[in-house]
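Report on the following structure.
Just so you know, residue 1 is the first one in the sequence shown, and it goes up from there. Counting convention: from 1, in listed order, for ligands and their atoms alike.
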Amino acid sequence: MKSLSAHRRITVKIGSALLVDRTTGIKRDWLAGLCDDIAALAGKGCEVLVVSSGAIALGRNILGLGRRALKLEESQAAAAAGQIALAGAWAEELARVGLKSGQVLVTLGDTEERRRYLNARATISTLLKLGAVPVINENDTVATSEIRYGDNDRLAARVATMMGADLLVLLSDIDGLYTAPPALDPDARFIASVEAITPEIEAMAGAAASELSRGGMRTKLDAGKIATAAGTAMIITSGLRRNPLAAIDAGERATWFQASANPVRGYKTWIAGQLEPAGRISVDAGAVRALEQGKSLLPAGVTLVSGQFSRGDTVAILGPDGLEVARGLVEYDAADAVKIAGLKTTEIERALGYQARGAMIHRDDLVMSRISKKDEVHADDA
Ligand code: GLU
């Protein structure tokens with residue numbers, strides 16, 4: 001088990017029960033301790049993203065809604081009132097340890113639809129690049145039951161995989177996975193490491209969830225499946241102590257879920273797996289060499305654009321010999337791609353009339369095709 005700081009990019013998910021006290025509101029001292037931990041990781045060169053629950057729990061408190069069951073519009077109102085206070089507390093405590101922050105509220109479509117996915121990822125990457133900690137939550141004020149995650153465990157897993165994080169930490173009110181829910185079974189044994197989330201592992205989860213949060217062990221394992229399949233390792237540990245991240249490195253109890261592949265591979269497999277590319281982009285030999293070196297596809301290297309595609313669609317990239325060399329998610333609609341084909345990065349804005357992204361396809365969204373010339377001829381012959 002590596003130390004936290006051996007990871008490059010860490011998503012930390014905080015459950016409502018840890019951050020919000022039913023009567024006194026935000027647990028400022030606990031939050032301060034967590035922000036100290038985040039600052040320590042940042043000081044060691046780790047990028048940290050926060051997925052913070054607590055808006056609805058805090059909003060109940062602020063709006064005097066008590067503990068009764070809430071109607072949809074009441075929980076949305078609670079989320080609205082709670083989120084503003086929640087984000088404010090994060091901004092203040094992170095500022096105290098010298099860190100900038102930015103609030104990002106997402107809905108399901110922002111991570112599930114490719115076009116919006118690119119936007120959400122670009123914004124969060126930019127925050128990280130500018131040295132700000134993204135503080136993320138679901139946009140509960142407008143989400144309705146059909147289109148929401150509903151629990152921040154899975155949201156955090158999506159964010160972690162979308163951002164290519166190598167670790168997801170779920171801070172919970174339980175210190176890890178047991179062979180059965182310990183509250184129900186006194187013989188339950190703690191499990192320190194999980195290699196793969198098999199049906200046997202899933203059977204250990206039970207269905208318990210606390211009143212303040214929506215997730216139980218089951219949604220944590222769902223999150224684990226999303227994360228580990230995409231190459232993000234996951235830790236479940238207790239956040240009930242102060243400095244819960246430092247505690248992990250100090251050897252406190254935690255269950256580690258191993259990643260099954262590296263994150264880039266998982267995401268790129270998804271791109272490579274798109275069946276029929278929506279369009280084709282032909283490039284010159286220089287661009288092919290750049291792609292082979294792992295660089296982005298710039299408009300300058302594009303010689304021809306064909307097909308009707310939209311931003312976020314998968315397109316095939318063809319070399320000068322007409323054979324497919326790579327696939328990727330294109331940053332422009334076909335009409336705009338045609339306009340900027342062959343242009344230098346500095347000429348793009350003038351050609352389009354708006355400020356746009358430099359790359360036609362970003363290297364993170366590109367995967368080299370494995371079809372060799374020989375295979376292609378073979379396939380045609382058959
Ligand atoms: N997004 C919800 C909130 O901030 C929390 C969801 C969860 O507990 O998983 O109140």
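No cation-pi contact links Arg189 to Tyr178, judged by a cut-off of 6.0 Å to the six-membered ring centre and 45° from its axis.
Considering backbone and side-chain atoms together, Asp153 places no N or O closer than 3.5 Å to any N or O of ligand 1. Looking at Asn152 next to ligand 1, an N or O pair under 3.5 Å apart turns up.
Heavy atoms of Gly54 come nearer than 4.0 angstrom to ligand 1 in at least one pair.
Comparing Ile14, Leu155, Asp140, Val20 by heavy-atom distance to atom 1 (N) of ligand 1, the nearest is Asp140.
Those atoms of ligand 1 that come under 4.0 Å of a heavy atom in Asp151, given as number and element, are 9 (O).
Taking 4.5 Å as the limit, every side-chain heavy atom of Val169 sits out of range of all side-chain heavy atoms of Thr11. Contact of the Phe309 side chain with the Leu329 side chain is not registered, since no non-hydrogen atoms from C-beta on lie closer than 4.5 Å.
Contacts between Ile56 and ligand 1 below 4.0 angstrom, taking non-hydrogen atoms only, involve backbone and side chain alike.
Remark: the backbone N or O of Thr228 is not paired with any side-chain donor or acceptor of Thr232 at under 3.5 angstrom.
Donor-acceptor pairing under 3.5 Å is recorded for the side chains of Asn137 and Asn152.
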